[in-house]
Amino acid sequence: MVDYFQILCGALVLLLAFYYYLTSSFNYWKKLGVAGPRPLLIFGNLKSTTLAQASMSDTTRKMYNEFKNEPVFGIYGGSAPILIVNDLDLVKDVLIGDFSLFASRGLPLFPKVDRLGEHLFNLEPEIWRPLRARLSPVFTSGKLKEMFPLVIECGQHLEKYLDTVAKKGEPVECREIAAKFTTDVIGTCAFGIDMNAIADEDSEFRRMGREIFTPSLKQVIRDTTRQFFPAIYARLGHLLQPTKVTDFFTKVVMDTMKYREEKNVVRPDFINMLLELRRNPSQLENIELTDSLLTSQAFVFFLGGFETSSSTIGHALYELALHPDIQDKLRKEIRENFEKNAREGKNLTYDQVKELKYLDAVFHETLRKHPLLPILMRQVNTNYTFKGTKITIPKDTRIWIPVYGIHNDPDIYTKPEVFDPERFTNNGISTRHPMSFLAFGDGPRNCIGARFAFYQTKVGLISILRNHKVEVCEKTTIPFKSESRAFLLSLKGGVMLKMSRVE
């Protein structure tokens, strides 16, 4: 006869054991003397983000505002302890001063599941360090000057396209327009391919870009499982992959490399650097240069190159539409610079873009208010005591730096909700801590393509604003509300604006 009492007791024991497993780490930060918000079962402190109720930007900013007077505070991602570093001097130690101890991002890698996941952003230091050293020459000033005419050509195509858009007089998604431009730039500068995303509504590259970054339930499940349940992801993650995207980029990169080798084609671009690595594998000792590893580097350059710059252009246009006085001032600077160089018989040049100081201020203020990456991730490789504190963390502790919170802290930036490019004049910059602006990270593991992003974004804004203006319309999301399902900061509903030509 079945003993229901024993079954009930057994079930209760299993339930208690499961509960203990989920909560056993919740005293972790208290034992170390670190303050932090109270965690919830299963979700830790990231319930709203995990369930796509709030963006990572809003979630981390809320926690930052609550604990910003602490040099550090502890949270839980699921049951995993994470330390958030607020104090800017300590941030500098993590990113620069003690970088060798924090070189890892602490992101789990699953090469059998994520075929294009072994890229510079994710890789562990022993592979990241030599690989970055070999790829960095692609982004020198000299190489960018060689590529610059190609960027300008894409900008000219964008201007012509905008004339047809403006004639319609209808609200347009400006981030999508920017993405077409940046897709074409990355195509020609990195791959030597005319992607034709501006002219071709059905451009395959643009479709793949949309598929990667358009928020979906599948994407949320994939990202959440990879971050908080890595053991499950290692077994079942292959079911959540964007297979079309992976196959498409693998074919494009491999076919392009094969064609160049057969035809002896040499270009000053990213694919050429990958070819050099494959021809000379001894440059990277003890690293197997698989097709997946090589393709992953091209893949992340494509993603970073088109997504970050297109989002920044979109956010800049959003703010300029809300602040027509700033937009007019910027257009005046652009036009005066063009007229001056036209009298001297010059086209837009790399050095000319550097002369546009107000454009640079608008660019930085856009990334100050709307940093795309809400957090920077690191992991310590030894027991570590933070300088000037009694806080010691053990080896392998995960670290987050709350970029979105820092950038919107009223103690660092007065009235942070106000869009004010004057913050980034020389006087404004000199009064702030060097770690108060982290849109591209800092230290040895900062964004490898930051300089490329500077110029690509600025050329995009020049091409749009020189002869066109943007205005808010009935479809514009006001005030700014972030997309809760996206990890990167983006405007819910897209950047819907009205565009018209300015004579």
Side-chain angles (χ1 to χ4, degrees), residues 29 32 34-37 44-46 49 55-77 80-107 120-125 128 227 304 308 364 367-382 384-389 391-413 416 432-448 450 482 487-489:
W29 292 123
L32 293 178
V34 175
N45 299 107
L46 301 176
T49 299
S55 67
M56 179 63 80
S57 299
D58 290 338
T59 298
T60 52
R61 182 185 182 184
K62 182 179 179 181
M63 291 189 292
Y64 172 86
N65 287 340
E66 184 179 354
F67 292 95
K68 72 176 186 177
N69 293 324
E70 301 284 345
V72 300
F73 68 95
I75 68 167
Y76 299 87
I82 301 168
L83 188 72
I84 297 186
V85 180
N86 294 333
D87 183 271
L88 296 184
D89 288 329
L90 300 185
V91 169
K92 188 175 182 181
D93 288 339
V94 170
L95 297 181
I96 301 174
D98 292 325
F99 170 76
S100 62
L101 307 180
F102 294 92
S104 172
R105 291 196 194 275
L107 295 171
L120 280 180
F121 189 86
N122 289 341
L123 287 171
E124 288 299 303
W128 163 80
Q227 183 72 23
T308 56
H364 279 85
L367 285 170
R368 191 280 306 171
K369 191 175 180 184
H370 306 293
L372 301 180
L373 269 178
I375 55 175
L376 300 177
M377 300 178 183
R378 296 291 188 270
Q379 181 171 290
V380 69
N381 64 16
T382 185
Y384 182 85
T385 302
F386 287 96
K387 296 181 179 66
T389 77
I391 299 170
T392 298
I393 56 174
K395 179 182 177 181
D396 295 330
T397 299
R398 293 163 61 192
I399 307 290
W400 284 6
I401 295 169
V403 176
Y404 194 69
I406 292 168
H407 281 204
N408 287 277
D409 186 340
D411 294 332
I412 300 173
Y413 294 97
R432 290 191 296 271
H433 195 287
M435 295 296 105
S436 62
F437 183 82
L438 295 167
F440 291 97
D442 210 322
R445 199 149 191 179
N446 68 344
C447 175
I448 189 174
S482 59
F487 180 79
L488 299 181
L489 180 65

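- With contacts defined as side-chain heavy-atom distances shorter than 4.5 Å, the pair Pro374/Phe487 qualifies.
- The distance from atom CZ of Arg445 to atom CG of Leu123, rounded to the nearest 0.5 Å, is 7.0 Å.
- With values rounded to the nearest 0.5 angstrom, Ser104 atom OG is found 11.5 Å from Met377 atom CE.
- Closest approach of Arg432 to Ile412, counting heavy atoms only: CD-O, 3.9 Å.
- Considering only heavy atoms from C-beta on, Phe386 comes within 4.5 Å of Ile393 through its side chain.
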Kindly indicate, with the supporting measurements, whether the criterion side chain to side chain contact (heavy atoms under 4.5 Å, CB included) is fulfilled by Leu373 and Leu488. CA-CA 5 Å; Leu373 269 178; Leu488 299 181; 3.7 Å; yes

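- Under 3.5 Å, the side chains of Ser57 and Ser482 contain no donor-acceptor pair of N or O atoms.
- Here Ile75 pairs with Pro37, Asn45, Leu46, Met63, Phe73, Ile82, Ile84, Trp400 under the side chain to side chain contact (heavy atoms under 4.5 Å, CB included) rule; sequence neighbours left out.
- No donor-acceptor contact under 3.5 angstrom links the side chains of Asn408 and Tyr64, judged on distance only.
- Side-chain contact between His370 and His407 is absent, with no heavy-atom pair separated by less than 4.5 Å.
- Ring pair Phe437/His364 is tilted by interplanar angle, where 30° to 60° counts as tilted.
- Side-chain contact between Asn122 and Arg105 is absent, with no heavy-atom pair separated by less than 4.5 Å.
- Residues Leu88 and Leu90 fail the side-chain proximity criterion, which asks for heavy atoms closer than 4.5 Å.
- Atom NZ in Lys395 sits 7.0 Å away from atom OG1 in Thr382 (nearest 0.5 Å).
- Taking both residues in full, the closest heavy atoms of Ile448 and Leu120 are given as CD1-CD1, 3.8 Å, listed atom of the first, atom of the second, then distance.
- Interatomic distance, OG of Ser436 versus CG of Asp411, reported as 12.5 Å (0.5 Å rounding).
- In this structure, the side chains of His433 and Asp89 come closer than 4.5 Å at one or more pairs of heavy atoms.
- Using a 4.5 Å heavy-atom cutoff, the side chains of Ile375 and Tyr404 are not in contact.
- The shortest non-hydrogen separation linking Ala439 to Leu367 is CB-CB, 3.7 Å.
- Atom-to-atom distance recorded for Ile406:CD1 and Thr60:OG1 is 10.0 Å, nearest 0.5 angstrom.
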The test is side chain to side chain contact (heavy atoms under 4.5 Å, CB included); show your working for Leu372 and Phe440 and say whether it passes. CA-CA 9 Å; Leu372 301 180; Phe440 291 97; over 6 Å; no

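- Counting only distance, with no hydrogens or angles, the side chain of Asn86 and the backbone of Glu70 share a donor-acceptor pair below 3.5 Å.
- Ala80 and Arg398 make their closest contact through CB-NH1, 3.5 Å (heavy atoms, listed as atom of the first residue, atom of the second, distance).
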Name each donor-acceptor pair under 3.5 Å that joins a side chain in residues 91-100 to protein atoms two or more places apart or in another chain, with its distance.
residue	atom	partner	partner atom	Å
Asp98	OD2	Tyr384	OH	2.6
Asp98	OD2	Lys387	NZ	2.8

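- Residue Val403 comes nearest to Pro371 through the heavy atom pair CG1-CB, 3.8 Å, listed as atom of the first residue, atom of the second, then distance.
- Rounding to the nearest 0.5 angstrom, the gap separating the CD1 atom in Ile391 from the OG1 atom in Thr385 is 9.5 Å.
- Under the 4.5 Å side-chain criterion, counting only non-hydrogen atoms from C-beta, Asp442 is in contact with Met435.
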